[in-house]
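First up is the structure itself, then whatever we jot down about it.
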Amino acid sequence: MIDYMSAREKAEEWKISQRRVAILCKEGRIPGASMVGNMWLIPKNAEKPKDPRRVQKIGQHV
């Protein structure tokens, strides 16, 4: 059985806003995320998607 976290809990874990997590869920960028009522449930083992707006320099880890 998969354990889930709320968007608020994932936002705290990933150090981003709850709104940003909801947007990532809505865009389908978090595999396994599902809307239940008016709340996003995200698998506990979900990884934070990379932000395509950020440019990664060679040899630098984000």
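Residue numbers run from 1 in the order of the sequence given.
With sequence neighbours left out, the side-chain contact (heavy atoms from CB on, under 4.5 Å) criterion links I23 to R19, R20, E27. P49 is linked by a side-chain contact (heavy atoms from CB on, under 4.5 Å) to W14, L24, R29, I30, counting only residues two or more places apart in sequence or in another chain.
Separating the CD1 atom in I42 from the CZ atom in R8 is a distance of 11.5 Å, to the nearest 0.5 Å. Taken from CH2 in W40 to OG in S34, the straight-line distance is 7.5 Å, to the nearest 0.5 Å. Here the straight-line distance linking atom NZ of K10 with atom NZ of K44 works out to 9.0 Å at 0.5 Å rounding.
Using a 4.5 Å heavy-atom cutoff, the side chains of Y4 and P43 are in contact. Residues C25 and M35 are not in side-chain contact: their nearest non-hydrogen atoms beyond the backbone lie 4.5 Å or more apart.
Closest approach of E9 to M5, counting heavy atoms only: OE1-CA, 3.3 Å.
Counting heavy atoms of neighbouring residues, nucleotides and ligands inside a 6.0 Å radius, atom NZ of K48 exceeds 12 of them.
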